[in-house]
Each structure stands twice: as C-alpha cells, then as structure tokens.
Amino acid sequence: MSTEAAVRADPRRTLLLCWPPPDDDAAGYGALRTYRGDTLLYVGGDADGPTGTVRLHRELELNWTLAEEFGLPSWPGVPDRLTVWRRRPARRAQRGLDRCPGCGRP
C-alpha cells in the first residue's frame, strides 16, 4: 500500500509521522498533504534536521499551528521531540517556494 493509500484508508484517525526520512517527500509531505484530519503528531527534529523534507517543514509552517511540544530521550545532538499540530482553517499554497532560483524548476 502506498503512503497516500494508507492515509486515505481511515480519514478519521490522527496522523502520526515518526521520523519521516529527510529525502523522501512521499513519506512525510505526501502523507500530510493527503491527510484530511485536523491533528498531526510528529516525532523527529525540526526544519534543521534530521527528519522530514524541506517541503514537509514548509507545509507545517504555512498550514499548521504548533499546539504542544514534548522533549524525548534521544541520542546526543539529535533534537527528538513529539509535537502536536492543528490544521489552520485556510490553506496557504507553497507555490514558488520550492523552485530553483536559477532555472525556475521544482
């Protein structure tokens, strides 16, 4: 089952993203964009790494509000935490944010 199919399988559930890879948009960003619920639980680091892609962290910044944050035991230098996010009522698009300034391609 693809990431998107798994998220669509039961839209009433809360989405848990746990350590989405920093180089796989489908595992984090794709799942979040497919999700229709209002609450996200995210385990990992912040936009500086080591989890989630740039697009995932931009999506959170633009369209979600951080509701709660809890530190987790982790390896030295790895900022593991559990964050609870709530969807904002109006969606803001990421258009133009993920394009190369030189060529304009995504």
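Note that these values count all heavy atoms, side chains included, but never hydrogens, waters or copies made by symmetry.
Under the 4.5 Å side-chain criterion, counting only non-hydrogen atoms from C-beta, Leu32 is in contact with Leu15. Contact annotation: the side chain of Leu41 approaches that of Thr14 to within less than 4.5 Å [non-hydrogen atoms, C-beta and beyond].
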For this session: Could you check Arg86 against Thr39 for side chain to side chain contact (heavy atoms under 4.5 Å, CB included), going step by step and ending with a plain yes or no?
Result: CA-CA 5 Å; Arg86 306 280 185 224; Thr39 303; 2.8 Å; yes
For this session: Kindly indicate, with the supporting measurements, whether the criterion side chain to side chain contact (heavy atoms under 4.5 Å, CB included) is fulfilled by Val84 and Phe70.
Result: CA-CA 9 Å; Val84 180; Phe70 307 94; 4.3 Å; yes
For this session: Could you walk me through whether Asp24 and Thr53 pass side chain to side chain contact (heavy atoms under 4.5 Å, CB included), step by step?
Result: CA-CA 7 Å; Asp24 183 357; Thr53 62; 5.6 Å; no
For this session: Could you walk me through whether Leu17 and Leu40 pass the side chain to side chain contact (heavy atoms under 4.5 Å, CB included) test, one step at a time?
Result: CA-CA 8 Å; Leu17 292 179; Leu40 165 70; 3.9 Å; yes
Under 3.5 Å donor-acceptor pairs involving side-chain atoms of residues 43-51, not counting sequence neighbours:
from: Asp46; atom 1: OD1; to: Asp48; atom 2: N; distance (Å): 3.0
from: Thr51; atom 1: OG1; to: Tyr42; atom 2: OH; distance (Å): 2.8
from: Thr51; atom 1: OG1; to: Gly45; atom 2: N; distance (Å): 2.8

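Between the side chains of Asp80 and Trp75, no donor-acceptor pair of N or O atoms lies under 3.5 Å.
Looking at every heavy atom in both residues, Pro20 comes nearest to Gly28 through CB-CA, 4.0 Å. Contact between Pro79 and Gly77 at its shortest, heavy atoms only, is CD-O, 3.6 Å. Closest non-hydrogen pair, Leu62 versus Ala93, comes out as CD1-O, 3.9 Å.
Every residue two or more places apart in sequence or in another chain was checked for a side-chain contact (heavy atoms from CB on, under 4.5 Å) with Ala9, and none qualifies. The side-chain hydrogen bond (donor to acceptor under 3.5 Å, both in side chains) test applied to Arg8 returns no partner, not counting sequence neighbours. Applying the side-chain contact (heavy atoms from CB on, under 4.5 Å) criterion to Leu66, with sequence neighbours excluded, gives Glu69, Thr83, Trp85. Under the side-chain contact (heavy atoms from CB on, under 4.5 Å) criterion, Thr65 pairs with Arg88, sequence neighbours left out. Considering only residues two or more places apart in sequence or on other chains, Asp10 meets the side-chain contact (heavy atoms from CB on, under 4.5 Å) condition with Arg12, Arg13.
Between the CG atom in Leu16 and the OH atom in Tyr35 there is a gap of 10.5 Å [rounded to 0.5 Å].
Side chain of Asn63 to backbone of Arg92: a donor-acceptor contact under 3.5 angstrom is found. Panel note: side chain Arg55, backbone Gly52; no donor-acceptor pair is recorded below 3.5 Å.
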